[in-house]
2 protein chains.
Amino acid sequence: MASRPAPVASDDQADQTELLGLVGYNLRRAYLVIQSLFDERMEKHDLRQAEFSVLSIVKDNPGINQKALAEALVVAPPNLATLLDRLEARSLLTRQRNPEDKRAQLVELTTQGARLYGRALKAAADADNAAVDRLSAAEREQLKALLRKIFAD
Amino acid sequence: MASRPAPVASDDQADQTELLGLVGYNLRRAYLVIQSLFDERMEKHDLRQAEFSVLSIVKDNPGINQKALAEALVVAPPNLATLLDRLEARSLLTRQRNPEDKRAQLVELTTQGARLYGRALKAAADADNAAVDRLSAAEREQLKALLRKIFAD
DNA sequence: TATTGTTATACTCTATAACTATA
DNA sequence: TATAGTTATAGAGTATAACAATA
């Protein structure tokens, strides 16, 4: 028997057959692509992914508290706090104590925040479309439905 | 006209309709799930995702150099160097200078590395299966194919 | 006592610049 | 002059413990 396999040492593309058999690896690779397109197109709005997501949820859930926001976005509360600090400092949203439960903060977009979110959503949709360039409209819906089966409760 | 929308301030699930319309957001949420399942099941092997991927590629491409490895895994060369340091310190792989080009390092798994990878691959497959629990075999293949269309060249 | 949110902190991941040794 | 790999370092993302205010 051969004592060891012949070294390949090529500069060609590496064989990744085994990794590509895993959904998780494909998911990661696709996520890297879409993340980078998103960041590119969102740079002019100076918004990171988590910040964009916050604006979106707050816009559609005005007066949401931070606990619900943190849960919806799967972000740890301390990290949400600093994230909101930045957005509040940019006057994109406000935090007000809930008069009915003074522990809670009610989060709402400012007019300026709503305006920025409107523009940012277009940029996000652009990035999305660029990423799924080679997918038909039906395939895009199919993909979203399959992904949702993984993370939805 | 109403001057402002009625605050919701609910602890119920937040409306995420707009975010869920984006492939990227669904991708991220699914990625978080699969990542956490992977980490759980890979803990007993003390392997992170990037380390597992390295073992996989090296196993299928013995003698690969670090440049090709970094490209295949979309990892920056400095980060790959420290990653390989750890795996080499654990005697899971070896780095040898290429006699034909002494700048390059030929990376190979040790017997111990190959053995660990074998067990780790089972754990990775387990995590994968747990994540796509609600998908049929056909849907899993479909999902991988759709994802590959996003990141493949 | 439990809950909301904050501060401080640490750990991982990722990215870049500057260096070495070879080519 | 260019390339493979390394070192050092900085930044972002994420996680936990300890705390203050309120319930």
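Convention: sequence-line order gives letters A, B, ...; per-chain numbering from 1.
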**Prompt:** CG of Asn98(A) versus P of dT22(D): gap in Å, rounded?
**Reply:** 13 Å

**Asked** Is the ring centre of Phe151(A) less than 6.0 Å from the ring centre of Tyr31(B)?
**Response** no

**Asked** Does any N or O donor sit under 3.5 Å from an N or O acceptor when you compare the side chain of Asn79(B) with the base of dA15(C)?
**Response** yes

**Request:** Identify whether the distance between the nearest side-chain nitrogen and carboxylate oxygen of Arg140(A) and Asp133(A) falls below 4.0 Å.
**Result:** no

**Side-chain donor/acceptor contact of Asp101(B) with base of dA4(D) under 3.5 Å** = no

**Message:** In this structure, how many angstroms lie between the C1' atom of dG13(D) and the CD atom of Gln35(A), rounded?
**Reply:** 10 Å

**Request:** Please state how far atom CD1 in Ile64(B) lies from atom P in dA4(D), giving the value in whole angstrom units.
**Result:** 13 Å

**Prompt:** Hey, what do you get for CZ (Arg28(A)) to CG (Leu73(B)), rounding to the nearest 0.5 Å?
**Reply:** 8.5 Å

**Request:** Have a look at Arg28(A) and say if it touches a base, only the backbone sugar-phosphate, or nothing, with a 4.0 Å heavy-atom cut-off.
**Result:** sugar-phosphate

**Message:** I'd like to know if Glu18(B) pairs up with Lys59(A) as an ion pair, taking the criterion as any Lys NZ or Arg NE/NH1/NH2 lying under 4.0 Å from an Asp or Glu carboxylate oxygen.
**Reply:** yes

**Prompt:** Where the side chain of Ala104(A) is defined as all heavy atoms beyond and including C-beta, which of dT4(C), dT6(C), dT6(D) is the nearest nucleotide?
**Reply:** dT4(C)

**Request:** Return the 5'-most residue of the pair Lys102(A), Val75(A) with respect to DNA chain D, ranking by each residue's nearest nucleotide.
**Result:** Val75(A)

**Item:** Spacing of Gln105(A) atom CD relative to dG5(C) atom C1', expressed in whole Å
**Value:** 7 Å

**Message:** Output the rounded distance in Å from CZ (Arg103(A)) to P (dA2(C)).
**Reply:** 13 Å

**Asked** Given dG13(D), is OP1 or OP2 found less than 4.0 Å from the side-chain N or O atoms of Gln49(A)?
**Response** no

**Side chain of Arg48(A) (C-beta onward), nearest among dA17(D), dG13(D), dT4(C)** = dG13(D)

**Message:** Nearest to the side chain of Asn65(A), heavy atoms from C-beta on, is which of dG5(C), dG5(D), dA8(D)?
**Reply:** dG5(C)

**Asked** Taking atom P of dT6(D) as reference, at what distance in whole Å does atom CG of Asp85(B) sit?
**Response** 7 Å

**Message:** Side-chain N or O of Arg95(B) versus OP1/OP2 of dT6(D): is the shortest distance under 4.0 Å?
**Reply:** yes

**Request:** Find the distance Leu69(A):CG to dG5(C):P and express it as a whole number of Å.
**Result:** 9 Å

**Request:** State whether Glu108(B) and Arg95(B) are salt-bridged, where the test is any N-O pair (Lys NZ or Arg NE/NH1/NH2 against Asp/Glu carboxylate O) under 4.0 Å.
**Result:** no

**Nearest-angstrom distance from the residue atom CZ of Phe52(A) to P of dA12(D)** = 20 Å

